[in-house]
Structure formats: C-alpha cells, structure tokens
Amino acid sequence: MSFKKDFLWGGATAANQFEGGYNEDGKGLSTADVMTAGTYETPRHITWRNPDTGETGFSELKFGGGKFVPEGAQAAVLDGEYYPSHVASDFYHHYKEDIKLIADMGYKTYRMSINWSRIFPNGDDETPNEKGLEFYDHVFDELNKYHIEPLVTLSHYETPLNLANKYNGWASRKLIDFFVKYAKTVFERYNGKVKYWLTFNEINCMDMMPFVAGGLLDGSVQNRAQGAHNQFVASALAVKLGHEINPDYKIGQMLAYGQIYPYTADPADQFKALKQMDDTLFYSDVQTGGHYPASRIKYYEREGVKLDDKPEDYELLAKYSADFLSFSCYTSNVVTTHEDVGQDAGNLQIGVKNPYLKTSDWGWATDPYVLRMALNTLYDRYRKPLWIVENGLGAVDEISEDGKIHDPYRIEYLRENIASMRDAVTIDGVDLMGYTSWGCIDLVSAGTGEMKKRYGYIYVDRNNDGSGSLKRIPKDSFYWYKNVIETNGESL
Ligand code: BGP
C-alpha cells in the first residue's frame with residue numbers, strides 16, 4: 001500500500017476561470033471580469049474608464065507591482081472587448097454534466113471556488129445575493145449525490161470589482177471585515193454540505209500579481225505588504241470562525257510552491273536560490289508560525305514599508321493557523337548571478353533554462369522531482385498535513401480524425417509527478433491528504449487568459465476567441481486517471 005485508504009484523489013478548478021455566467025442571477029463584477037486575454041508572448045490587460053472624462057483604456061497586467069490604472073480611472077468592462085471569464089467553460093450551465101463526468105472518473109474530491117461577487121455582488125453589501133447562494137447549494141448537492149467531497153476555496157483570484165475600485169482592494173483593512181462576513185455567510189449556509197475549505201489561493205502571489213491576487217489597482221511595495229498582511233489576518237479570522245461554526249471543518253492555507261535551483265555551485269548562486277525560496281516561504285512561515293521572519297522585517301525597513309498592524313493581529317496569527325497546508329506546484333526554476341548564463345535564458349519567463357529538463361509549450365519545465373522536493377521541504381518545515389491542490393501540464397490539444405483527443409504528453413507528465421509524490425509518501429514519510437490536479441476540465445488560463453493552454457482530462461470545445469460549442473469530450477488521460485484513482489495510485 002502506498003497512499004492512505006481515504007486518500008483524496010480529484011481535480012481542481014476556480015470560479016473565475018471556469019464558471020462563466022459573469023452577470024447572471026445578480027452576480028456583480030469581479031476583478032477577473034475586466035481582464036482581457038493575452039498569449040504566451042503578450043500580457044493580459046486590465047480595461048478602465050475614467051468616470052469624469054469618459055476616457056477609456058488598457059493597462060498591461062505585467063508581473064510585479066506598479067499602478068494598474070491611471071489616476072482617477074476605475075477598472076471597468078468596456079463594450080466590444082473580449083473577456084475570457086465572462087463565459088469561460090460555462091460550468092454555470094453545465095455543472096450537472098461536469099459533475100457526472102468527474103464522478104465517472106471516480107473522484108473522491110473536487111476543488112472549486114466560490115465566486116465572492118456571486119454572493120456579495122459589490123463586496124460591501126448589507127445582505128447576500130440569495131440566487132448566488134442557491135447556485136452553490138445545487139453544486140454541492142450534486143457533488144454529495146456522488147459522494148464527492150467538495151474542497152472550496154473562498155478567494156481564488158477574484159475580488160469583487162467594487163472593492164478594488166473603492167478601497168484599492170486588499171491594501172485596505174476594511175477588506176478583512178468584508179471577507180469575514182462573506183466567509184461567515186458561506187460557512188453557515190453550506191454547513192453539512194462542505195467540510196474542506198481553503199482561504200486564499202496562492203497567497204504568496206500578492207507580490208507578483210497584486211491585482212489578480214488582491215484586487216490592488218496600485219500595487220506599490222507598501223500596498224502589497226499591507227495586502228498580504230490583511231489577507232493573513234483575514235485567513236486566521238476565517239479559521240477561527242469556521243471552527244466555531246463547525247469544529248469538524250478542515251480549513252487550509254494555500255501557497256504557490258516554486259522550487260528554485262541554483263544554476264552553479266557558486267555560493268552566490270546558492271544564496272540567491274535560498275533567498276528566493278525564502279520569499280515564497282515567508283507567507284507560509286507567517287501563516288503557520290504567527291510572526292514575520294527577521295529577513296522580511298529588514299526588507300520592509302529598507303523599502304520604507306509601514307504596516308498598519310495591531311498587536312492582536314499577531315495573537316490571531318499564532319492562535320488560528322490552518323488545519324493543513326495546501327499548495328500548487330507545476331515546475332521548478334533556476335536562478336543564477338552569472339549574467340552570461342542569464343542572457344541565454346531561452347524560453348523561460350522566470351529564471352534560466354534548466355539543461356536537464358524538457359519544457360512545455362509555455363516554457364514550464366517538467367521536473368520529475370519537484371513534488372517530492374516540495375513535499376519534503378514543506379513537511380520538514382511545518383509538520384502539518386499537506387495537500388497538493390494544483391499540478392498538471394498546460395498543453396495544446398487537438399481533436400484527432402477519430403474524434404478523440406490523444407494526450408500521451410499529459411499522461412507522461414502526470415505519471416512522473418504522481419510517482420514523485422508517491423516517493424515522498426512511501427519513502428520520506430510525508431503526511432499527504434490528497435491530490436487534485438489542476439484544470440481537470442479545460443478552463444481559461446490564469447496567466448494568459450487563453451483557452452488553448454489546456455490542463456484537463458476533459459476537453460471543452462471553446463477557443464481563444466470565444467468560439468466553440470462548449471461540448472465536453474473525455475481525453476485519453478481521462479481513462480488513465482480513472483484507473484489511477486481506482487487502484488489508489490498503484491497503477492500509473
Ligand atoms: C495557478 C493558479 C490557477 C491556474 C494555474 C495554472 O497559479 O492558482 O488559477 O490557472 O496556476 O496557471 P496558468 O493558468 O497560467 O497556466
């Protein structure tokens with residue numbers, strides 16, 4: 001036996017990339033709804049309007065901080081533009097069919113997110129939108145019908161747009177109260193239907209993608225630091241509240257785990273890699289340990305960051321850490337201090353090309369050790385149960401002449417990754433609760449907004465330009481993964 005008998009096999013999606021129905025049944029706009037599509041080469045854009053002058057425009061959604069709309073403007077949906085989140089894979093109207101398909105695969109769990117702006121359309125409303133609540137009632141009932149445990153992310157890359165425009169998103173402490181009210185509403189409403197929860201998807205992405213992760217229109221270092229702090233506090237409060245509402249709730253934190261390798265044995269490269277790992281792990285250090293590491297405090301001092309914090313924030317952080325630590329992990333990156341190597345970076349967006357690894361069409365390296373590295377690092381550092389909630393290969397799939405989708409590249413990627421995860425469990429003794437691979441049914445890419453970058457076991461007939469019938473077709477990997485689940489990971 002390798003995996004626990006009750007190991008939670010499944011797949012993962014996020015509302016803004018999968019659900020569509022962006023303005024149906026009272027849903028408000030979210031930050032994802034004003035993001036256009038990009039490609040591998042060109043970044044996505046945020047569209048905006050200046051309410052006083054009527055001027056409109058686009059701002060690049062590039063990695064890092066900065067101002068995402070000009071002074072006086074607000075992020076807004078513009079007529080005639082294409083926004084991938086508006087229809088996405090249309091789970092809103094296909095949920096019964098989709099849940100039946102994942103039940104056919106034998107899923108034990110399904111990770112999804114609630115679209116906050118479906119429940120509180122403006123984020124700061126007095127009362128929730130009943131129609132929005134009903135939608136998730138139907139989804140959870142359908143999952144429960146097939147004995148599939150929902151794993152529900154409260155905030156996955158979407159913040160009600162009004163909160164971004166009015167308060168600069170998570171840079172404001174007011175968001176803590178709005179979020180806690182939203183969490184209370186759904187914790188109470190779905191008590192008995194949901195047991196597993198996650199607070200913030202990839203909380204550490206606040207640094208790299210502050211608009212996406214926190215609705216920050218102004219992503220200065222100060223605002224990103226405050227945004228992260230406010231999410232830490234909100235997450236701890238959600239853990240506290242969730243357990244008060246139902247002591248059996250299991251509430252997890254969620255981190256984007258990026259394995260960083262040094263390119264050479266030069267100590268300068270080694271140190272650079274170490275520091276870059278620390279930048280990621282700072283978030284889980286705070287969420288599990290309750291205090292900021294010294295290096296982060298120094299960094300904030302150097303940058304002139306002044307946190308709007310309170311002594312009780314740290315009490316909350318120390319006392320209400322999550323029940324488990326979940327993470328996404330797709331690839332590894334290489335860094336170096338040697339500029340001549342850096343010049344040769346090849347097709348990678350971040351870092352240097354690893355000469356030992358193949359890369360996907362989007363430049364992500366397939367690393368047969370990365371899950372084992374991640375699981376060992378996180379388990380040794382935090383001693384908390386772990387859950388891999390995202391992993392997978394984004395690839396271009398074609399429908400063959402036989403009408404099927406043959407995706408051996410995806411099976412190969414998953415086979416290597418699941419084997420790596422199995423070694424971490426059986427050889428290294430890591431406590432792993434589950435595995436939900438990313439985008440189990442094709443959906444919109446968060447990074448590029450494309451439909452073409454597919455992760456699913458189930459194909460969705462929809463193209464980058466929004467054309468397509470939305471028909472679902474199981475790929476070869478569908479049958480392969482079904483067998484993996486059936487044999488509890490014995491047969492890969
Ligand atoms: C993670 C996000 C997901 C998802 C995934 C794949 O960072 O949590 O929302 O999309 O990455 O990334 P991409 O869609 O850019 O390929």
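Counting starts at 1 for both ligands and their atoms, in listed order.
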Undergrad: Do Arg111 and Thr153 have side-chain N/O donor and acceptor atoms under 3.5 Å apart?
TA: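 Yes, side-chain donor-acceptor contact under 3.5 Å.
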Undergrad: Should the pair Lys404-Asp476 be classified as a salt bridge under the 4.0 Å nitrogen-to-oxygen rule?
TA: no
Undergrad: Between Tyr83 and His86, is the ring centre distance below 6.0 Å?
TA: yes
Undergrad: Taking the six-membered ring for Trp, is the centroid-to-centroid distance between Phe178 and Trp116 below 6.0 Å?
TA: no
Undergrad: Any idea which residues sit under 4.0 Å from ligand 1, heavy-atom distances?
TA: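 The 4.0 Å shell around ligand 1 contains Gln17, His156, Tyr157, Asn201, Glu202, Tyr330, Trp364, Glu390, Trp438, Ser445, Ala446, Gly447, Lys453, Tyr455.
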Undergrad: Kindly indicate, with the supporting measurements, whether the criterion side-chain contact (heavy atoms from CB on, under 4.5 Å) is fulfilled by Asn230 and Leu175.
TA: CA-CA 8 Å; Asn230 294 340; Leu175 273 269; 5.8 Å; no
Undergrad: Any salt bridge between Asp104 and Lys100, counting N to O under 4.0 Å?
TA: yes
